[in-house]
Amino acid sequence: MAEIETKCIHAGYEPKNGESRMIPIIQSTTFKYDSSADMGKLFDLEAEGYFYTRLANPTNDYVAKKICALEGGSAAMLTSSGQAANLFAIFNIASAGDHVVASSSIYGGTFNLFNVTMRKMGIDFTFVSPECTEEELNAAFKPNTKAVFGETIANPSLVIFDFEKFAKAAHSHGVPLVVDNTFATPVNCRPFEWGADIVTHSTTKYMDGHDATVGGCIVDSGKFDWMAHKDKFPGLCTPDESYHGITYAEKFGQTGAFITKCTAQLMRDFGCIQAPMNAYFLNLGLESLPLRVERHVANATAIAKFLKNHPKVEWVNYPGLEGDKYYELAKKYMPKGTCGVISFGVKGGRKAAEDFMGKLKIGMIATHVADSRTCVLHPASATHRQLSDQELIDCGVSPDMIRLSVGVENVNDLIADLKNALEN
Ligand SMILES: *Cc1c(COP(=O)(O)O)cnc(C)c1O
């Protein structure tokens, strides 16, 4: 199975003779065994299988396997949300007293998770500009640094992550690079091919793609050699007393240790599991992902050009648009295109932005992005409402900024809708 379109349909689940063609929804909390000895083997991580859906469920695993194949990874797991995926991906390797280097251009929810909540857990973060020099980046590392984090296409700033620069710095300091690949999806970017070690997703966005389910996923490349940096990663490289003295990196090797530990410890203790029914819906979204992503990119490119040439539009950010600040980096890492999200400013500032949005008929006002329906958000009057105009500018959100998430509707209808709202 070489190509991604084929994997989106077939990877992860192969029905045997007479079995259901679609993945079965195993809507069961628990699983039955013939003997206590059989069950005991599961608790010892000696045998593969399921015993309680708070830790793992077969439906989820079929879908995780599909996403794993799309990213070219070695192991994967679903989580209840994108937030849970990023929490687990970092907390699996960093605990109280540790430190993480993160790009400052990341999703606001992730920034808050790191900068507020995970600090309360005792983990320290240094945020670096995605445009920092190699020297500045290297200077951010400390002896207790355990990971580097970034976003392929940052939500909402649309900054493109320079994988090679960040991977080089991470690996020269003996730590993995963790990348949130939500906006690009594996259709447009495969971070493992550029040096990332762990990939996370909010599957709530393009992967589900239909406004139906909140979910997340973590994929391991299997390429990071934990045992070569034994002192930094005691959780993976020394015995886990809460699991009968298992050493994950020895027992499950480089390809399986990260996800096994994450399931056995973090899913066991936090229980941020995705409902099997949601995993089923997510799988439906994945089947058409390449078709939708292609259309999102085509529509967004046409709309970015339309906006760029419109006299009432002050500025346009779209990394797929020639002349954009990130066009060259986007071309390098995402030759097939970036995503469907554009940000732009209308002339007349905050008031003009609000008026414009109120006049849209197809584009709906919603906090959601990266979905089949076109939607718009004015960050200054919604997600960033509490900030003053100066504070907005300081955090890269200008008062006139509109985030437009271009859907898969007919592009002429969308352009007519935007034109009407701008001109009337
Ligand atoms: C939405 C989003 C998240 C959070 O995902 P949820 O599924 O809403 O928890 C994380 N990262 C990025 C890039 C996102 O866009």
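As a basis for the values below, the full set of heavy atoms in this structure was taken, side chains included, without hydrogen atoms, waters or symmetry mates. Numbers for residues simply follow the sequence, beginning at 1. Every number for a ligand or one of its atoms is a count from 1 in the order of the listing.
- Atom 5 (O) of ligand 1 has as its closest protein heavy atom Ser202 OG, 3.0 Å.
- Looking at atom 7 (O) of ligand 1, its nearest protein heavy atom turns out to be Thr204 OG1, 2.6 Å.
- For the 3.5 Å distance criterion, the side chains of Thr145 and His99 qualify, holding a donor opposite an acceptor.
- When each of Val341, Asp324, Val159, Ile342 is paired with Asn317, the side-chain contact (heavy atoms from CB on, under 4.5 Å) condition holds for Asp324 and for no other.
- Close to ligand 1: Gly215, with a non-hydrogen atom less than 4.0 angstrom away.
- In this structure the side chain of Met277 reaches within 4.5 angstrom of the side chain of Gln27, judged on heavy atoms.
- In this structure, atom 12 (C) of ligand 1 lies nearest to the protein heavy atom Asp180 OD2, 3.5 Å.
- Every atom of ligand 1 is numbered from 1 in the order shown, and the set under 4.0 Å from a heavy atom of Ser81 is 7 (O), 9 (O).
- Between Gly82 and ligand 1, an N or O atom pair is found at a separation short of 3.5 Å.
- Not a single donor-acceptor pair under 3.5 Å links the side chain of Asp98 to the backbone N or O of Ile123.
- Looking at ligand 1, you won't find any N or O of Glu151 less than 3.5 Å from one of its N or O atoms.
- Close approach of ligand 1 to Gln83 is summarised as follows: ligand atoms under 4.0 Å from at least one heavy atom of the residue are 4 (C), 5 (O), 6 (P), 9 (O).
- Between the side chain of Asn299 and the backbone N or O of Gly407, at least one donor-acceptor pair lies under 3.5 Å.
- Given atom 1 (C) of ligand 1, the protein heavy atom at minimum distance is Lys205 NZ, 1.5 Å.
- A donor-acceptor contact shorter than 3.5 Å is absent between the side chain of Arg403 and the backbone of Ser157.
- In this pair, Trp226 and Phe258 present their aromatic rings parallel. The plane angle is below 30°, not in the 30 to 60° band.
- Interface atoms of ligand 1 facing Phe183, defined by a heavy-atom separation under 4.0 Å, are 15 (O).
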